[in-house]
> 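Below: one structure in structure tokens.
Values below: all heavy atoms of this structure, side chains included; hydrogens, waters and symmetry mates excluded. Computed from a prediction, not measured in an experiment: that's the story for all the values here.
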Amino acid sequence: DDDDDDDDDGGGIEAQESMGVPVSHEVVIKHGDRPVSAMDLDPAGGRLITGGYDYKVRLWDFAAMDARMKSFRQVEPAEGVQVRQLVFSRTGDLVVVCTGTAMPKVLDRDGFDVAQCMKGDQYFNDLSKTYGHVSIVTDAVWHPTKKYLFITASADSTVRVWNTDNTQLNNSLKASICGKCRTKKGKRAALSTVDISADGKLIAVGAEGGSIHTFALGEKHMIPKAQNHTAHAEDSTVTSLKFSRKGKLLSRGTDGGIAIWDPRRITRGPLVQRKDLPCYYPMTEAVFSPDEKLVLTGLSGPDVVGELVMLDTETLEVAHRLALGAVGEGVIRVRWHARINQIAVSMSSGQVRVLFDDARSVRGAKLCVAKAPRKANVLDAVGVASFGSMEGAIVAPHMHKAFRTDEDTRRQSTKRQHEKMRKDPIKSKLPQKPIGAAAESAFKLGYQGQVRNYPTSLNQFLASKTSYDKTRDEDPREAILKHADAARENPQFVDKAYTMMNNRVDPIFNTDYDSDEDEQAQGSLHKKPKFDPMKKPFQIKDRSAKDMA
């Protein structure tokens, strides 16, 4: 029996080597303690992005990491909401993040926000009339030929197309095309996964209840093509859909089934099917190998050993099994990158395992495995700022003033700040200087944006020849100083009132009054007497009759 087991293991290794599967070496990357539900590699194979039930998204750069495997950025796209899907664009510069909200986000390759999808109006009966999803967005995929388009599927039964070039107010995106899915009873079908064909003309979506729907994608419309409501078990969910380059469709469900379909005849049933692969998580993936000869998927469940299973594409027979976890530690996401020939697998334990072959694989995880951690620097104990570290502030006291920041300006004294503002023509509100000698040039076009002696239209030319006043372009002070030398040599206009035959005239003063008393005596004669109320006025006595007699 032991000999038989050894022969079976040897046969598996030989089959593995003959198939060229890169699983001879393994690198473990720790994302967290909760399941890693989203993962993707950029098209160049240099960066890895992961997200999970811990609400965090981490970005990893293989070229910059060492053997400690630490991420260079961690973000939380939506507070308190798990991450459902992460997808790099075809060019690798953008990432679509699907969380447990109705508004997916678009990040750049460094993890910074670029745009956010709008939320639709949930009170619309016809959801195609609104511009966004109204329920959880479960999956997303980029268009294969148009790098600015991506498609999302939501639990509100709609699949929408978004254009990253048409951003609205506050960098929000509005859906341009919408398609709706219904169950067999005519109710809204909660969508769980979406994919698009290699030519970009056919979209396939999977829903809860085991149904698969296909749409023909046009420039302005999304036309339903076919539906299969019994593709998987009625109480299951379609967890993954993937198109091959040859046009076949691969599906995976929580009923433990995996099948390959002809998308043009999806109602006739699968081409080949298998139903003994347990699946617990609703985002478990099944993907094709780069040569499309193998199908890779993971096993998960409470009593299931986490394995990576490789199946033959034609018959879905097991070609190789690789145990990656213990019992209850399931495999969720799978990526086989063709350029670097490495396989990335996300686990329910919070780990990401990168499998590679030392001879066949290039770059990727091989770059950081052989790189030893940086030696501890003695300056690290002093503070966060150290040589070679990107953390902390950089102090440059002799930096040129043109590159000083506001913090350096704030540290200056009030007097120095005032002097600096006085030299700035904008802050000091310096009046605009008239066009003078500095404006002179070979063509006399103007100076500092002001046009001089150069008519740009016929009306300006006629005005300059007829009623144009040239003195308005002159500085009044300079016009007066032109006559300074002539006035100094021939002072006939200024000094004429003070000269007579070039002889100086002495002033003659009036000396008639000798003292101030005489002046007061003469002045008193002409003064009007003041009224005194205490003095009795002059009264005329009346003559009595007695006196008359």
> Could you tell me whether the side chain of Ser348 reaches within less than 4.5 Å of the side chain of Ile332, counting heavy atoms only?
yes
> Show your working on side-chain contact (heavy atoms from CB on, under 4.5 Å) between Leu127 and Arg160 and close with a plain yes or no.
CA-CA 11 Å; Leu127 294 180; Arg160 299 180 183 271; 4.0 Å; yes
> With sequence neighbours excluded, what pairs up with Phe356 under the ring pair (Phe, Tyr, Trp, His ring centres under 6.0 Å) test?
His25
> Can you give me every donor-acceptor pair (side chain of residues 79-88, partner residue at least two apart or in another chain, under 3.5 Å) with its distance?
| from | atom 1 | to | atom 2 | distance (Å) |
| --- | --- | --- | --- | --- |
| Gln85 | NE2 | Asp139 | OD1 | 2.8 |

> So Leu277 and Arg252, side-chain contact (heavy atoms from CB on, under 4.5 Å) or not? Walk me through it.
CA-CA 9 Å; Leu277 302 174; Arg252 180 84 160 96; 3.8 Å; yes
> Side-chain donor-acceptor pair under 3.5 Å between His143 and Thr145, yes or no?
yes
> Of Asp40, Asp108, Asp61, which meets salt bridge (charged side-chain N to carboxylate O under 4.0 Å, His left out) against Arg47?
Asp61
> Is the side chain of Thr254 donor-acceptor paired with the backbone N or O of Pro282 at a distance under 3.5 Å, no angle test?
no
> Answer whether the closest heavy-atom distance between the side chains of Asn341 and Val362 falls below 4.5 Å.
no
> Could you check Leu94, Leu107, Asp93 and say which one makes a side-chain contact (heavy atoms from CB on, under 4.5 Å) with Val114?
Leu94
> If you apply the rule salt bridge (charged side-chain N to carboxylate O under 4.0 Å, His left out), what do you find for Arg68 with Asp66, and how did you get there?
CA-CA 5 Å; Arg68 294 176 295 180; Asp66 52 26; 3.0 Å; yes
> Give the minimum heavy-atom separation between Val334 and Val287, together with the two atoms involved.
O-CG1, 3.6 Å
> Please check if any side-chain donor atom of Ser361 sits under 3.5 Å from a side-chain acceptor atom of Gln342, or the reverse.
no
> Using the salt bridge (charged side-chain N to carboxylate O under 4.0 Å, His left out) criterion, which residues pair with Arg188? Sequence neighbours excluded.
none
> Quick one: which of Asp312, Ile260, Thr313 gives a side-chain contact (heavy atoms from CB on, under 4.5 Å) with Val272?
Ile260
> Can you pull the side chain to side chain donor-acceptor pair (under 3.5 Å) pairs that have at least one residue in residues 276-287, sequence neighbours excluded?
Arg274-Asp276, Glu285-Arg333, Glu285-Arg335
> Identify every side-chain donor-acceptor pair in residues 164-175 under 3.5 Å, counting partners at least two apart or on other chains, and give the distances.
| from | atom 1 | to | atom 2 | distance (Å) |
| --- | --- | --- | --- | --- |
| Thr164 | OG1 | Tyr148 | O | 3.1 |
| Ser172 | OG | Leu169 | O | 2.8 |

> For residues Gly253 and Thr239, report the shortest heavy-atom separation together with the two atoms involved.
N-OG1, 3.9 Å
> To the nearest 0.5 Å, tell me how far Asn228 CG sits from Ser211 OG.
8.5 Å
> By ring pair (Phe, Tyr, Trp, His ring centres under 6.0 Å), which residues pair with His213, not counting sequence neighbours?
His229
> Indicate yes or no: at least one non-hydrogen side-chain atom of Arg363 is less than 4.5 angstrom from one of Phe62.
no
> Between Lys242 and Ala286, is there a donor-acceptor pair closer than 3.5 Å when you use the side chain of the first and the backbone of the second?
no
> Of Asp126, Asp156, Thr158, which meets side chain to side chain donor-acceptor pair (under 3.5 Å) against Lys180?
Asp126
> Nearest heavy-atom pair of Val23 and Met310: which atoms, and what distance?
CG1-CE, 4.1 Å
